[in-house]
Amino acid sequence: MPQQKTKRIKTTITVNGETREVEIEVPDIEAAWGDPKNMRWLGKRIPRVEGADKVTGRAKYTYDIQLPGMLYAKILRSPYPHARIRSIDASRAEKLPGVKAVITDLTREPKYVGEEIAAVAAVSEQVARDALHLIQVEYEPLPFVVTPETAREPSAPRVHGGQNVSGGNPRERGDVDSAFRRSDVVVHEATYSVPARSHCCLEPHGLVCQWQGDKLIAWASTQGIFSVRDELAGALGIPASNVRVICEHMGGGFGSKFGARAEGVICARLAKMAGAPVKLMLDREEEQLATGYGPGVTAKVKIAATRDGQLVAWESETYGTGGIGGGANIPLPYIYPVPNVRTRHYDIATNIGASAALRAPGHPQASFIMESAMDDLAHRLGMDPLEFRLKNDPNPVRQAEYRLGAERIGWNRRSQMGARVPGAIKRGLGVASAIWGGGGGAGSRPTVRIEPDGSVEVRLGTQDLGTGTRTYVAAIVAEELGLHIRQVKALIGDTDYGYSGASGGSTTTASVAPAVKMAAMAARERLVAVVSQHLQANPADIVLADGKVTARNGSEKSLTWKQACALLGKEGIEVQGEWNANLQGSGVAGCQFAEVEVDTETGKVRVIKIVAVQDCGLVMNRLGVESQIYGGVTQGLAMALYEQRLFDEQTGRMLNANLEEYKLPGPLDMPDIEAIVYDNPTGKVSGMGEPPVIPTAAAIGNAVFHAIGKRIHSLPITPAKVLEALGKV
Amino acid sequence: MDDEREKLPQHPSQEVDTSRRQFLRNLGVTAAIASLLSSGAILEERRAKRAQAQTSQTPPGGETTLRGTVAVTLQVNGKQHTLQLEPRVTLLDALRDHLGLTGTKRVCDRGSCGACTVLLDGKPVYSCSVLAVDAQGKKIETVESLAQGEQLHPLQQAFVEHDALMCGFCTPGFIMSLKALLDKTSQPTPQQVKEACAGNICRCGTYNRIFEAALSAVQSMRRGG
Ligand code: FES
Ligand code: FES
């Protein structure tokens, strides 16, 4: 048996939102995307294929699923940040007309406001809500702590019984202490912080569950239909093959929608008890309280560079809170290589619920901390912050991107702006950078089917979060078979369509696209084998383009697509594809420039323009990739100026568990955004949904620093903080 | 009765010069600052409000609930529908749960996101904040009424072409807010476009493309396309 060629590659994997880099051995099968110049679909501007469904309201999201006899479920949640449940009496709820099932065994010791206590399914949402009021719970409130500062104190109440503070092992390389003591270096020390931020997916978390005997169908608003399936099966003690999960369209996840989660198991249980389908969608307050958030982090930082601007040392102590979970660590020092490094990270337990991955977990926080420190140090050195970065960033892609971005924002105007320019309204420019993995992994099993009547279908159990998965899946097949994208039906979002992984860590495209390409190539090969016989041509001479199959052998004999497919016989072609490492790349670099205007009388910051230059690997859909950049920048701007979860120390409650006081930017807050797709000639596909969100807040923070000459050390940059920094309040 | 109707919550684009987002922003800032000073007071106020809200649904004692339905006639997308609804059912829920018109989305259910925007006698309203009984006798237009079969409305067409949507959950709300603008203004300025959807939130971050799409729809409508 010939030994199969293999090779080792570095890639990123994501499990429930946790992304890490791994080295794996993969089959080394030759395959290439080909020259982008010859492509009709890939790399072009393709309007998303489900666009018409979404703009007409025809698209059915989980929230829109309605089944005959469907019940509505609601969850009773803990009003206390920490309590013991002495008793629950649901008898009056059970007797309320219209109530069909009640669950009261969810927890005995809730550890945050919003934790699930009991649940009800009833004939209408209103009745379900009424029933919640009738459940009597006797709580014994326990001591709690909701802010990391308080949780660190030795006398603070214990969240889990043990210490609230964990971690703190130093990670060290080089000789940090002597590097800081060198006589030729300039040292800067400061503390920077980023608060916890909510995902605010517009479609809330939730499911519709329907049992058919011992089989369960669940419609779920999720980033991972297979992880929902596996968690449901595990929690319910049934085989995974008995569970089917469907998610045709979903209204945002941003890292918070992996797995079945508590509401998934509750919904399936209620449906079983009631013997009827149940819809359980969370409301807005529940979304804020109980579906996770990106952890906040505070960093004490020390950074040093030589007088001519070469970074030599970094030391940081970070405190992050993932609430009742962990996972608040961030990658420091970020982007720029530093020879002497010592970092210590502490996770602090608090009673604020468990954090979840939030678009580029840890990176926007790391970027704000690192890039703020970089700018402050550049200022001390008397160096232009861009020049400082060019000097310390060895990445060749970013080197090119910095130059491109600087030109587009007009960095050379920088000296005519800033704090010294007279007038109440100050202008400033700032820059910051990003890095992301974006590699894929094995596992996706797409099927391409060509029917004898010429219809083509591609099926895969992946999901489209709004990132455009469905569109490039169709486009890859259309490209390979020489068809119009409308001739290819892409079926995704159903576990019946064959395995694919969860969508997190920007791994979807680099995982899905290579597998679909391989399936499409295999289908093409089969078709060509049949057609070449018919046309008496060499298979290598057969060209599929513009809906025709042509023999490029001098005879130029040609069949229409339909004629070619009619040769296939009743069974048509059905082939599966597997991921191929040679089609995926990883490591996407980006940088962003911000121009801001600060009113020094009101403290209000207005972002005027963001230029985002983003390496996207081989572009699948240019329109879709640009949209991801717009989206990342918009969320980064939200982080810079508005977002923050606020808790009351006295009661342990979140004070802004809604969409008014939890502030997001609206149409009137938007700057001009220039999204520049940096075409990287690697010819490999990588993911890029996350990187554009990373540097925006840091770039805005740096622009504000330039504008007013004062650093705002903590996000969000509110008018109050600006006025305080200016000594006006 | 008519006086009552005049008090229906106004969509932000109908307010004269303060945008709703601006208003909310100020509110948020105030709340955030206040929370540092006296979060307890805010909480008290919040509790009182919640208690009030509950008593309006639950009679004193909180044990029995007034029950029963009334006949409600709604004129939706040119058709009359008579439904048996509890009086507390919102227009949004009547459309979604009772008429199967799920294009209109429910996101916050309290007038802060615009996802539920429909037109009531041509004016954009948050359907989550209008009771179905109060929408009787008015012309209700939902996103489902815009396309003629497969033929998309120019605004819808432009949204697709400019990729003014990602997850798409906010999209019907934006389209309805902008439709209200284009119905009364044939040549809106970019600022008018922004103001028309100032009460809509998009978490995916499609705003700039929405502006682009709306302005291009204006162009194609003027060309008669
Ligand atoms: S759902 Fe009505 S405004 Fe948010
Ligand atoms: S497209 Fe997702 S919220 Fe607007």
Side-chain angles (χ1 to χ4, degrees), chain A residues 47-48 51-52 54-61 63-64 66 92 125-126 130 133-134 200-203 249-252 254 283-284 465-467 623-624 626-627 630-635 644 646 648-651 653 655-656 658-661 663-664 666-670 672-673 718-720, chain B residues 19 21-22 24-25 27-29 31-33 35 39-40 42-43 58 62-63 65 86 88 97 100-110 112-113 115 142-144 146-147 152 156 159-161 163 165-172 175 194-195 197-198 200-201 203-209:
Chain A
R48 60 189 69 221
K54 284 180 173 173
V55 296
T56 53
R58 282 198 304 256
K60 292 283 178 201
Y61 296 74
Y63 213 147
D64 303 330
Q66 269 162 332
R92 288 192 319 174
E125 214 181 329
Q126 289 85 358
D130 292 344
H133 291 303
L134 299 176
C200 303
C201 317
L202 287 205
E203 182 181 33
H249 302 286
M250 65 93 83
F254 314 115
D283 67 25
R284 196 43 47 186
L465 280 50
T467 49
L623 198 56
E626 285 170 1
S627 283
Y630 281 111
V633 168
T634 305
Q635 290 185 349
Q644 176 169 29
L646 290 168
D648 175 51
E649 287 231 46
Q650 260 83 56
T651 59
R653 284 166 178 263
L655 291 163
N656 53 350
N658 50 50
L659 282 181
E660 309 85 81
E661 289 136 308
K663 292 182 288 167
L664 294 174
L668 296 176
D669 303 310
M670 291 313 294
D672 179 17
I673 300 173
T718 59
Chain B
S19 83
R21 296 301 305 161
Q22 196 51 49
L24 293 175
R25 170 91 4 93
L27 190 80
V29 172
I33 294 169
S35 74
S39 45
I42 294 187
L43 212 73
T58 322
E63 302 190 359
T65 303
E86 283 194 59
R88 59 176 159 168
D97 298 345
L101 294 170
T102 55
T104 309
K105 301 299 183 210
R106 193 210 243 185
V107 168
C108 69
D109 210 20
R110 56 190 265 176
S112 52
C113 75
T142 74
V143 70
E144 283 90 350
L146 265 60
L152 300 180
Q156 294 173 314
F159 263 63
V160 175
E161 279 167 15
D163 206 34
L165 67 156
M166 284 191 250
C167 81
F169 212 69
C170 67
T171 309
I175 288 182
K194 289 184 186 179
E195 276 164 14
C197 51
N200 294 68
I201 288 178
R203 183 52 158 163
C204 294
T206 57
Y207 296 122
N208 292 35
R209 287 210 145 143

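As a basis for the values below, the full set of heavy atoms in this structure was taken, side chains included, without hydrogen atoms, waters or symmetry mates. Proteins come first, then strands; the chains are lettered A, B, ... in the order of their sequence lines, and each starts at number 1.
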For the pair B:Arg106 and A:Asp283, find out whether any cationic side-chain nitrogen is under 4.0 Å from an anionic carboxylate oxygen. no
So, are B:Arg209 and A:Glu626 salt-bridged, with charged N and O less than 4.0 Å apart? yes
Contact between A:Met670 and B:Lys194 at the side-chain level, heavy atoms closer than 4.5 Å - yes or no? no
Non-neighbouring partners of B:Thr142 that pass side-chain hydrogen bond (donor to acceptor under 3.5 Å, both in side chains), sequence neighbours left out: B:Asn77, B:Glu144
Which bit of B:Leu146 comes within less than 4.5 Å of chain A, counting heavy atoms only: side chain, backbone, both or neither? neither
Roughly how far, to the nearest 0.5 Å, is CZ of B:Arg110 from CZ of A:Arg284? 11.0 Å
Segment of A:Ala59 engaging chain B (4.5 angstrom heavy-atom cut-off): backbone
Ring-plane angle category for A:Tyr63 and B:Phe169, please: parallel below 30°, perpendicular beyond 60°, tilted otherwise. parallel
Answer key: most heavy-atom pairs under 4.5 Å with chain A among B:Val160, B:Val143, B:Asp163 is B:Asp163
If one checks every heavy atom of B:Asn208 against chain A at 4.5 Å, the contacting part turns out to be side chain
Is it the backbone or the side chain of B:Gln156 that comes under 4.5 Å from a heavy atom of chain A, or both, or neither? both
From the list A:Cys201, A:Gly631, A:Gly624, A:Ser627, the residue making the most non-hydrogen contacts under 4.5 Å with chain B is A:Ser627
What part of B:Thr206 gets closer than 4.5 Å to chain A, counting heavy atoms only: side chain, backbone, both or neither? neither
